[in-house]
S.K.: 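Below: one structure in structure tokens.
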Amino acid sequence: MSISTPGEVGSRVSKDRPSLLNNEERAQLAARKRNGKFFLFLTVVPVILAVLLILTLFGSVLLQAVSWQVVEPRNSGQTFSLREARTWEGVVRLELLAQGRTTQDIEALLSDSEELRKFKARNRVELMFRANGEPLRWVVTNIRDDVEEVYSLIERWDRERDSLTELAEGQNYYLNPWMDFSFLLRNNSGRPTVAGLSSALVGTLWVIGLVILLSLPVGVGTAIYLEEYAPDNRFTRLLEVNLRNLAGVPSIVYGILGLYVFVRTAGFGPSVIAAACTLSLLILPVVVIAAREAIRAVPGSLREASYGLGATKWQTVSRVVLPNAATGIVTGVILAVARAIGETAPLLMVGGAGFVNKVPDSPLSNYSVIPTQIYSWINAPQKAFDNVASAGIVSLLGVLILLYVLANILRRRYEKKW
Amino acid sequence: MIRGILFLCASISVLTTVAVILALSSETVAFFADPAVSILEFFTGRQWTPLFAEDQRHFGILPLVLGTLLVTAIALVVGLPLGLGSAIFLSEFASDRLRRSAVPILEVLAGIPTVVLGYFALLTVTPVLREIVPGLNLFNPLSAGIVMGFMILPTVSSISIDSMQAVPRAMREAAYGLGASKAEVVVKVVIPAALSGIVASFILAMSRAIGETMIVSLAAGQKPTFTFDPRETIATMTSFIVQAATGDQPAGSLASRSLYAVGATLFLITLFLNIMSQQVVRRFAEKYE
């Protein structure tokens, strides 16, 4: 007789032995088997749906980050292959030659910093995925280029089928990757083709830098207090309950808090520092919980050994507990920061929603961060800003993926097992 | 000394709570003290137009509450079965290896910034839905709710997985010994035993959905409407707060104060739900040795 694995109904009823069941019981058994299979199906479907949704989301963002453009160029209209030029200067030289300038003229322009600045303000060098049917071409686009049409890859198929891809005289076809390197370096603008992420990127660096400076010491301090020092009294219990509840407060409420306390009462205005303070309070519970877990994972025997050598409480905490908990704390902070980078709603409340095309240079500057910039682009009237927004999303997700990978590497490589 | 510094750090979290309550209550009290506002109208009025000109202002929060409930209900209809289903599959049917690799993939849904989910709802989900559902507005709670359902999926599934994994193996084996099938064990033994955790995860997911801002601001619209129709453009409590804060309402104006009153309502609702979910775990959790 074979031994059945648990849960397989009726698997012991083998073919060659006379069945002990009558017809009715056999039908019942079959029904139970069917129900079991149906139940398994019901539970597999959600997992598949979730994975499909994630794939669709990433797919649609990437698809939106590339688009076809019909452009009437104001520059020479020529495109250059990767072999012809490799540097920014090389492309510009070729373009100016194509415009009919003399070599002398070009050298003069490239060496004069004021002329160069003006040229850079009006033109930018882009690497198009396709230009007029050829793959990977450099194009020098002018700020006054007329963008006749913008459409997605899928719409292009429809057009090719209906043979609507004919071009008028003097028009060019570009397959424009919105998310290119210069997108990260350009300032924001009211024109979708030249709008860039640099002010929001630097804004995010400022805000997140300050968030780490503020939330790391306070969060770790709270964790040390709760794990090593706190007496078992009512205040400690209040702290614990309070932290649990703070973690569940919607982020928009932190935005209201930031608006009231930092923007208005403290008089910071819609500035980097107000944003950093708001976000620090938002992620504080997460940092505290992660740091407490890391500290709790350090075995008591290590502390006892340290005390045995005559160390004081603080010496033990600072030289034995914290170094051994460092990996866990850093991993927790990275994950908390990843959350802070993606937060949009509270920052819209404390000034991140304004139009900013200047890079912030002090804690009191106006700012925008990547997610609030994306929000503004989605709300902008021109349709082409949707493409800019998806380029912004690609950058945001890229940063987040980097952070998650970093946290995972840290955890795998440096985490100590006791 | 050091103890004192650490104590100060710890008090900051308490101060945060105090500041939240202070900010919300002082402005809310000032809001209700204004002669243009009546508490009765606030809780029963069906028109919410605080950003309009003075003679057309109405302060009835019901449209916002209804909008929030509509989106939340759609999110829960989508998110709870999906979350519980995937939790059952990953906890009871999947191998350890599959579980360890699939759980982080589901967690991705919770890690994606909500502004990205809002963008996805508005530009990908809504166009597809408009092909299927006649009369669907560009901004609608249906698409926002569906995407939000996927956002709360990991909240439901990860807590439910934990509580199902905590059900002792002996109970499952006993059921198998009585001849139960795998599905019967899950439905009649594991789920009842893990029910407190599952219910807590549902409540927590509901609280997440109510407090979620970006998906609704982007995809559901910003027009407070007293309606049960998921095709209409609506506004929720959270999307109104964003709308009021990003406009140019001068501090201290009634329009700016109204956002604190809405914020206080939102805060109380989510706080109540969070405490409920903790109570459910504490009160009804079955303890196994």
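Chain letters run A, B, ... following the sequence lines, proteins first and then strands; every chain starts at 1. Computed over heavy atoms, backbone and side chain alike; hydrogens, waters and symmetry mates excluded. Computed from a predicted model, the values in this text were never measured in an experiment.
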S.K.: Report which part of A:L57 has an atom under 4.5 Å of a heavy atom belonging to chain B: side chain, backbone, both, or neither.
M.R.: both
S.K.: Between A:Y375 and B:M214, which heavy-atom pair has the shortest distance, and what is it?
M.R.: CD1-CE, 3.2 Å
S.K.: What are the two closest non-hydrogen atoms of B:G111 and A:L400, and how far apart are they?
M.R.: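 Smallest heavy-atom distance, with atoms named: O-CD1, 4.2 Å.
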S.K.: Going by distance alone, is a donor N or O of one side chain under 3.5 Å from an acceptor N or O of the other, for B:T16 and A:Y254?
M.R.: no
S.K.: Measure A:V47 against the heavy atoms of chain B and call it side chain, backbone, both or neither at under 4.5 Å.
M.R.: both
S.K.: Which bit of A:P217 is near chain B, if near means a heavy-atom gap under 4.5 Å: side chain, backbone, both or neither?
M.R.: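 Contact with chain B involves the backbone of A:P217 alone.
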S.K.: B:S26 and A:Y260: which non-hydrogen atoms are nearest, and at how many Å?
M.R.: OG-OH, 3.1 Å
S.K.: Would you mind telling me which of A:L49, A:V261, A:I374 has the largest number of heavy-atom pairs within less than 4.5 Å of chain B?
M.R.: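 It is A:L49.
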S.K.: Counting only non-hydrogen atoms closer than 4.5 Å, does A:L284 touch chain B with its backbone (N, CA, C, O), its side chain (CB onward), both, or neither?
M.R.: side chain
S.K.: Any idea how B:F7 and A:F235 line up, ring-wise: parallel (<30°), tilted (30 to 60°), or perpendicular (>60°)?
M.R.: tilted
S.K.: Test: ring-ring contact (aromatic ring centres under 6.0 Å, His included). Region: residues 103-124 of chain B. Which pairs qualify, not counting sequence neighbours?
M.R.: none
S.K.: Between chain A and each of B:L84, B:T270, B:T238, B:I112, count heavy-atom pairs under 4.5 Å; write down the option with the most.
M.R.: B:T270
S.K.: Measure distances from A:T56 to the heavy atoms of chain B and classify the residue's part below 4.5 Å as side chain, backbone, both or neither.
M.R.: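 Both parts, backbone and side chain.
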S.K.: Specify which of A:L53, A:L348, A:L257 makes the most heavy-atom pairs with chain B at under 4.5 Å.
M.R.: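 Of the candidates given, the most pairs with chain B belong to A:L53.
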S.K.: Provide the closest heavy-atom pair for B:I105 versus A:I54 in the form atom of the first, atom of the second, distance.
M.R.: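 Closest approach of B:I105 to A:I54: O-CD1, 3.3 Å.
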S.K.: Given heavy-atom pairs under 4.5 angstrom as the criterion, report whether the side chain, backbone, both or neither of A:S390 touches chain B.
M.R.: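 Contact with chain B involves both backbone and side-chain atoms of A:S390.
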S.K.: Using every non-hydrogen atom in the two residues, find where B:A10 and A:L239 come nearest and quote the distance to one decimal.
M.R.: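 So the minimum-distance heavy-atom pair works out to O-CD2, 3.2 Å.
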S.K.: Where do A:T43 and B:G85 come nearest, in terms of heavy atoms and distance?
M.R.: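 A:T43 and B:G85 have their closest heavy atoms at CB-O, 3.3 Å.
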S.K.: So for A:L281, is it side chain, backbone, both, or neither that comes closer than 4.5 Å to the heavy atoms of chain B?
M.R.: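 For A:L281, side-chain heavy atoms alone lie under 4.5 Å from chain B.
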S.K.: Which members of residues 241-251 of chain A, sorted by number, sit under 4.5 angstrom from chain B on a heavy-atom basis?
M.R.: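 A:N242, A:L243, A:R244, A:N245, A:L246, A:G248, A:V249, A:P250 fall under the 4.5 Å cut-off.
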